[in-house]
2 protein chains.
Amino acid sequence: MTATAAQTSPRKRRGNGAARRIDADEIGLDALVGHAGYAVRRFQIWIFQDFTRTLGDVDIRPTQYSVLTVIGANPGLSQMAVAKRLGIERARLVHLLDSLEQRKLVKRIKSKEDRRSHALHLTAQGATALAKFKRLAAEHERNVEEKIGKENREQLLRILAGFT
Amino acid sequence: MTATAAQTSPRKRRGNGAARRIDADEIGLDALVGHAGYAVRRFQIWIFQDFTRTLGDVDIRPTQYSVLTVIGANPGLSQMAVAKRLGIERARLVHLLDSLEQRKLVKRIKSKEDRRSHALHLTAQGATALAKFKRLAAEHERNVEEKIGKENREQLLRILAGFT
DNA sequence: AAAGATTGTTGTTGACGACAACAATTGTCC
DNA sequence: GGACAATTGTTGTCGTCAACAACAATCTTT
């Protein structure tokens with residue numbers, strides 16, 4: 001009753017009944033092919049690798065880039081606001097900002113209105129650096145386009161727009 | 001020259017020039033909206049959460065499910081073959097199999113042809129369990145469909161088919 | 001003023017990708 | 001046939017990341 005899948009292509013059959021060499025491309029994924037999550041996971045790994053490689057010279061990872069971009073576009077945000085907007089744990093954002101602040105890209109300014117919170121700003125150096133990061137990120141995006149096609153990338157963005 | 005983005009909607013302006021309460025939905029993402037990787041990351045987090053929640057009662061995570069599915073569909077594979085097919089580090093697969101073997105879902109059988117490798121098989125208990133996991137995974141997939149739409153899910157699978 | 005909620009912080013846990021090293025075994029090359 | 005290289009599973013480390021829990025300082029509410 002359950003699906004059978006082992007025999008992707010019955011080529012190269014050998015006489016002996018025992019195990020034979022199996023090429024990776026003839027291993028069936030069975031139910032996995034119908035799961036969006038599996039494809040998305042594999043794609044996301046590829047994307048992050050390409051991003052990390054393309055921004056390797058400037059040593060910026062995807063999450064760091066997203067934090068810098070949001071702070072750059074919305075100066076003065078609190079850590080809570082940034083964390084909530086990007087779906088990052090606020091505990092995790094602490095370490096991210098520690099790193100970015102050590103690199104003089106971001107500064108935490110004590111808020112006068114709410115002395116619990118910090119207003120986040122890019123440093124002048126951070127703004128300059130972010131401009132460069134954006135150029136490299138655009139280059140990465142062109143790699144994505146080259147990989148899956150221009151129309152497919154746009155459809156992807158449209159389909160997933162609700163999650164941003 | 002760089003893009004401006006802070007003012008998503010200029011409502012609720014208050015007289016004072018200082019910081020005001022900022023609702024999460026009015027924080028602009030700036031360049032992030034054009035990045036497929038950001039949308040994919042957010043989507044993947046949602047998918048994994050839903051999968052983990054839907055398969056919560058049976059305590060199976062996405063990676064474990066993928067390993068069980070491939071072994072079930074291709075009995076006798078070596079660890080190397082499974083790792084390569086699923087894009088998992090073979091070092092990581094060792095721990096995954098340790099866990100699955102402890103739970104009596106999978107067994108490692110010493111290969112006669114190549115005494116370095118193990119032939120991986122589901123136990124009878126594992127085969128029964130996998131059938132249940134597949135039913136729950138299908139339920140998760142219906143959640144995905146409900147979330148992004150039937151056609152969008154199919155387009156997604158088609159666009160990302162090359163990464164599986 | 002007291003009680004409760006929020007903000008940033010510290011710490012822990014576990015999943016995960018990436019690497020490096022190693023023993024056992026197999027394949028290759030001369 | 002024997003030295004050398006490659007493969008397989010394993011162990012270990014490192015860094016990223018999501019998920020919690022607890023805490024002090026600081027608002028907010030009542």
Side-chain angles (χ1 to χ4, degrees), chain A residues 19 21-22 24 37-38 41-53 55-56 59-67 76-101 106 108-120, chain B residues 19 21-22 24 37-38 40-53 55-56 59-67 76-84 86-101 106 108-120:
Chain A
R21 245 328 180 350
I22 298 184
Y38 177 71
R41 166 181 165 261
R42 298 295 300 262
F43 182 51
Q44 204 239 357
I45 291 174
W46 183 89
I47 282 212
F48 267 51
Q49 283 174 340
D50 187 85
F51 187 100
T52 304
R53 187 177 53 76
L55 295 241
D59 192 27
I60 286 290
R61 309 201 23 116
T63 312
Q64 295 175 316
Y65 176 74
S66 70
V67 170
L77 286 185
S78 69
Q79 299 185 192
M80 194 62 213
V82 171
K84 203 173 293 182
R85 185 63 185 88
L86 289 176
I88 300 175
E89 279 284 318
R90 70 184 197 278
R92 164 124 188 75
L93 187 59
V94 171
H95 300 297
L96 286 167
L97 289 174
D98 286 349
S99 163
L100 294 173
E101 204 170 24
V106 168
R108 289 187 248 225
I109 301 178
K110 289 185 183 177
S111 170
K112 285 290 185 183
E113 292 75 25
D114 187 339
R115 302 206 321 259
R116 293 170 302 180
S117 68
H118 296 157
L120 301 175
Chain B
R21 246 327 180 352
I22 299 183
Y38 177 71
V40 169
R41 167 182 163 260
R42 298 296 300 262
F43 181 50
Q44 204 239 357
I45 290 174
W46 183 90
I47 282 212
F48 267 51
Q49 283 174 339
D50 186 84
F51 188 99
T52 304
R53 188 177 51 75
L55 296 240
D59 191 28
I60 287 290
R61 307 201 25 109
T63 312
Q64 296 175 315
Y65 177 73
S66 69
V67 171
L77 285 185
S78 69
Q79 299 185 192
M80 196 60 213
V82 170
K84 203 173 289 180
L86 290 176
I88 299 175
E89 279 285 318
R90 71 183 195 278
R92 166 119 190 80
L93 186 60
V94 171
H95 300 297
L96 285 167
L97 289 175
D98 286 348
S99 164
L100 295 174
E101 205 171 22
V106 169
R108 288 186 250 225
I109 299 178
K110 289 185 183 176
S111 170
K112 285 289 183 182
E113 291 75 25
D114 187 339
R115 303 210 315 262
R116 293 170 301 181
S117 68
H118 296 156
L120 301 174

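No experiment lies behind these values; they were computed from the predicted model shown.
Looking at residues 93-101 of chain B, you'll see V94(B) sit with a heavy atom under 4.0 Å from some atom of DNA chain D.
No side-chain heavy atom of P62(B) sits under 4.5 Å from any side-chain heavy atom of R41(A). Residues L93(B) and L96(B) are in side-chain contact: their nearest non-hydrogen atoms beyond the backbone lie under 4.5 Å apart.
At dT9(C), one or more side-chain N or O atoms of R108(A) fall inside 4.0 Å of OP1 or OP2 (strictly under the cut-off). Residue S117(B) has no polar side-chain atom (N or O) positioned under 4.0 Å from OP1 or OP2 of dT25(C).
E89(B) comes within 4.0 angstrom of a base, heavy atoms only. If you check every strand for non-hydrogen atoms under 4.0 Å, R115(B) touches sugar and phosphate atoms only. Residue contacts shown for I88(A) are absent, as no nucleic acid heavy atom lies under 4.0 Å away.
Proximity note for D114(A) (side chain, C-beta onward) versus dA22(D), dT8(D), dC27(D): the nearest is dC27(D). Here the nucleotide nearest the side chain of Q79(A), chosen from dG17(C), dG8(C), dG9(D), is dG8(C). In this structure, the nucleotide among dC20(D), dG9(D), dA15(C) sitting nearest to the side chain of A91(A) is dC20(D).
Checking side-chain atoms of T52(B) against main-chain N and O of Q49(B) turns up no donor-acceptor pair under 3.5 Å. Proximity of a side-chain donor or acceptor of E101(B) to a complementary backbone N or O of R108(B) within less than 3.5 Å is detected. At least one donor-acceptor pair under 3.5 Å links the side chain of R42(A) to the backbone N or O of L86(B).
The distance between atom CE of M80(A) and atom P of dT9(C), rounded to the nearest whole Å, is 13 Å. As a whole-Å value, the separation of Q44(A) CD from dC17(D) P is 10 Å. Straight-line distance from the CD atom of Q49(B) to the C1' atom of dC17(D): 12 Å, rounded to whole Å. Here dG9(D) presents its P atom at 11 Å from CG of L77(B), a figure rounded to the nearest Å. The distance between atom CG of L120(A) and atom C1' of dG8(C), rounded to the nearest whole Å, is 11 Å. Taking atom CZ of residue R116(A) and atom P of nucleotide dT26(D), one finds them 10 Å apart after rounding to whole Å. Between the CZ atom of F48(A) and the P atom of dC17(D) there is a distance of 7 Å, given to the nearest Å. Computed from coordinates, the H118(A) NE2 to dT7(C) P distance equals 13 Å when rounded to whole Å.
Between the base of dG9(D) and the side chain of R90(B) there is a donor-acceptor pair shorter than 3.5 Å.
Checking K112(A) against R92(A), the closest nucleotide of DNA chain D that is more toward the 5' end is the one next to R92(A).
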